[in-house]
Amino acid sequence: MTIEPFKAVACIALAGMVLAAIPVSAQSSDVPHIVSRNGRHALIVDGVPFLMLGAQVNNSSNYASALPKVWPMLDRIHANTVEVPVAWQQIEPVEGRFDYGFVQTLLEQARAHDKRLVLLWFGAYKNTGPGYVPDWVKQDNRRFPRMKKPDGTDHYVLSPHAKTTLEADKRAFLGLITYLRDHDRQNTTILVQVENETGSYAVPRDFGPAAQKLFEGPVPAKLGRKGTWAQAYGAQADRAFNTWYTAAYCNALAVAGKAIKPLPLYVNAALSDPFKVPAPTAVASGGPQQDVIEIWKAAAPAIDFEAPDIYERKSAKVFAYLDAYRRADNPLAVPEIGNAAEYARYAWAAFGRGAIGFAPFGMDDTGYTNYPLGAKTLDDATLDAFATPYQVFAGMQRAWAKIAFEHPTWGSAKPDDGTPQSTTLGGWKITASYGEWQFGHRTDTWIKSEPPAWASQPIGGAVVAQIAPDQYLVAGDHVRVDFTPGAGAPKNALILRVEEGRLSPSGFVVDRVWNGDQTDYGLTFVDRPVLLRVTTGRYE
Ligand code: DGJ
């Protein structure tokens, strides 16, 4: 990368990137909501885009006694939002008697700690099973029937076809949403997850008589296919059928919930291999995996987005998930990702793809770790890995969310094989490469070096946003970002200026200019939270 000499600039220069007012959708009120335009999305909170720097607590941290172990962890990693379960068994332990004590405590403590909330409705489905339903539901298989296996015996999952289950689950869910309407006027809660990892393992659908009759009937017209489920979906028929009815179940909760308070609602998926069509018995059949998003969209239009729970360490698969869930009709968000250090770099990949939120799972100090899904221990190195990208975004979360809604962005995370990743933005080829010191190139022969420690580690990533035809924002950790003129660049293109600074609500504030060693070998980010603005130009 070549840097032209430049004149000193004022220490503080408010740049031309003034953030124009955002059109908020017609439903506009102060209630958080999602807006979509030109294939990009924003989560609107308090009337402006919000970037969810999230963390999810462990499953059993949905009690007041656990909360003191939560807030310091969020501060430690610069998270602005916490995802916490609210369980049906917790708010309706006795049928018809509701207790919102924990919800109230959570709202108050979140406000006191300046955090936003995502509430996870653990109703009939928690990792497919009914573990979080009240005892009076668990024990009454006549009113709240489990699915039937092909041999007529009970399967562990509650049937999505039972109206009684739906109505009881919905009543409790609506109790929660009503409580938020009445006690959360300030919208501390910005999103609600409907159920948790729906579907059914091992048995792909309900084989009970009523379900069987439906299965033998025609597929709903909204699916745009003809014939019976078997005719329309072949080997995936059982799964497509269960997906439709599970999505319709969640949609019923969502429609009724939105009528009370129109919060954005989403569902999360227990994922399957992104490169294979899953065997219906080997996946959480019915859940919103990437290959059945169309069915969810058709059956559950009141759900704002389907989202991936990522516990896959292979980078190619993580990128495939991010790409599959980032759609013009589906805002990308990662409501769960493993909390081992190696997952932290995917925050760059997700936010660079325009994600509205990201949340490592199991982020509290209750002493529980879900290794091998996540970290063995939340030691300093692990927490720093998440804190570094979060600190960069925390300093500009509103501005970044707006930029990602309005401008092209790109994100890279170090792939498993460490090879560079590139994109083209505004005619410039932008390359993220990994395992470089800040000075020189590891391939230099004029001076030899040992590889840095991070060269062999799964850490590093970057984001780039093109904020004007000739201007880019760049951030990252353990990565080198190079700009080279591509085919679309003007003749005699050059990098004019690289500035380190901050995004304020009114624009970019320059703290200093990078030049010399800091730019001669590319823009190399290590462990400091740094934001750069790159201005390109040409000479005549
Ligand atoms: C995904 C689920 O959604 C979470 O609630 C949790 O069970 C993790 N798996 C595993 O720790």
Side-chain angles (χ1 to χ4, degrees), residues 52 54-63 66 69-70 73 79 81-90 102 106 117-133 156-158 169 173 191-202 246-247 249-250 253 265-274 278 282-290 296 303 305-313 317-318 321 325 333-344 346 350 357-378 382 386:
M52 186 188 106
Q56 185 168 150
V57 299
N58 282 298
N59 286 167
S60 308
S61 297
N62 58 329
Y63 288 85
K69 309 276 187 201
V70 170
M73 186 67 84
T81 303
V82 62
E83 300 177 348
V84 184
V86 174
W88 185 2
Q89 66 173 188
Q90 174 178 32
F102 172 66
L106 183 61
L117 287 174
V118 176
L119 299 185
L120 314 174
W121 175 243
F122 283 12
Y125 294 92
K126 162 61 174 85
N127 300 15
T128 74
Y132 280 82
V133 303
Y156 71 97
V157 179
L158 294 183
D169 191 350
F173 179 72
L191 279 173
V192 176
Q193 180 185 290
V194 179
E195 309 290 347
N196 189 81
E197 293 193 348
T198 54
S200 167
Y201 288 111
T246 307
Y249 182 105
C250 293
L253 268 66
L265 304 174
Y266 74 95
V267 289
N268 60 334
L271 296 170
S272 61
D273 189 325
V283 64
S285 168
Q289 291 88 24
Q290 65 284 344
W296 271 86
I303 297 290
F305 59 93
E306 285 72 36
D309 287 352
I310 300 178
Y311 293 94
E312 167 62 58
R313 291 178 192 243
K317 290 189 179 178
V318 176
Y321 291 132
Y325 283 86
V334 181
E336 292 182 36
I337 191 162
N339 63 359
E342 69 195 83
Y343 286 106
Y346 297 122
F358 185 88
F361 176 88
M363 301 307 286
D364 58 45
D365 191 26
T366 53
Y368 183 84
T369 72
N370 70 354
Y371 177 82
L373 287 185
K376 284 182 180 157
T377 166
L378 290 179
T382 303
F386 288 96

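Both counts, for ligands and for their atoms, begin at 1 and track the order of listing. Position 1 is the first residue of the sequence; numbering continues from there. Note that the coordinates shown come from a computational prediction; the quantities given were computed from them, not determined experimentally.
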Donor-acceptor side-chain pairing of [X] and [Y] below 3.5 angstrom:
{"X": "D169", "Y": "Y249", "value": "yes"}
{"X": "Y368", "Y": "S61", "value": "no"}
{"X": "E336", "Y": "Y311", "value": "yes"}

List the closest protein heavy-atom neighbour of [atom]: residue, atom name, distance to the nearest 0.1 Å.
{"atom": "atom 4 (C) of ligand 1", "value": "E336 OE1, 3.4 Å"}
{"atom": "atom 7 (O) of ligand 1", "value": "N127 ND2, 2.9 Å"}
{"atom": "atom 8 (C) of ligand 1", "value": "Y311 OH, 3.7 Å"}
{"atom": "atom 10 (C) of ligand 1", "value": "L373 CD1, 3.5 Å"}
{"atom": "atom 6 (C) of ligand 1", "value": "F361 CZ, 3.6 Å"}
{"atom": "atom 11 (O) of ligand 1", "value": "N370 ND2, 2.8 Å"}

- Item | Main-chain N/O of P85 paired to W121 side chain as donor or acceptor, under 3.5 Å | no
- Any donor and acceptor pair, going by atom type alone, linking the side chain of E195 with main-chain N or O of E197 inside 3.5 Å?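 Not a single qualifying donor-acceptor pair exists.
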Which atoms of ligand 1 have any heavy atom of [X] under 4.0 Å away?
{"X": "N59", "value": "4 (C), 5 (O), 6 (C), 7 (O)"}
{"X": "D309", "value": "3 (O)"}
{"X": "N196", "value": "2 (C), 3 (O), 5 (O)"}
{"X": "E197", "value": "1 (C), 2 (C), 3 (O)"}

- Query: Is the Y266 ring parallel, tilted or perpendicular to the F305 ring (thresholds 30°, 60°)?
  - Reply: parallel
- Atom NZ of K69 with >12 non-hydrogen neighbours under 6.0 angstrom: no
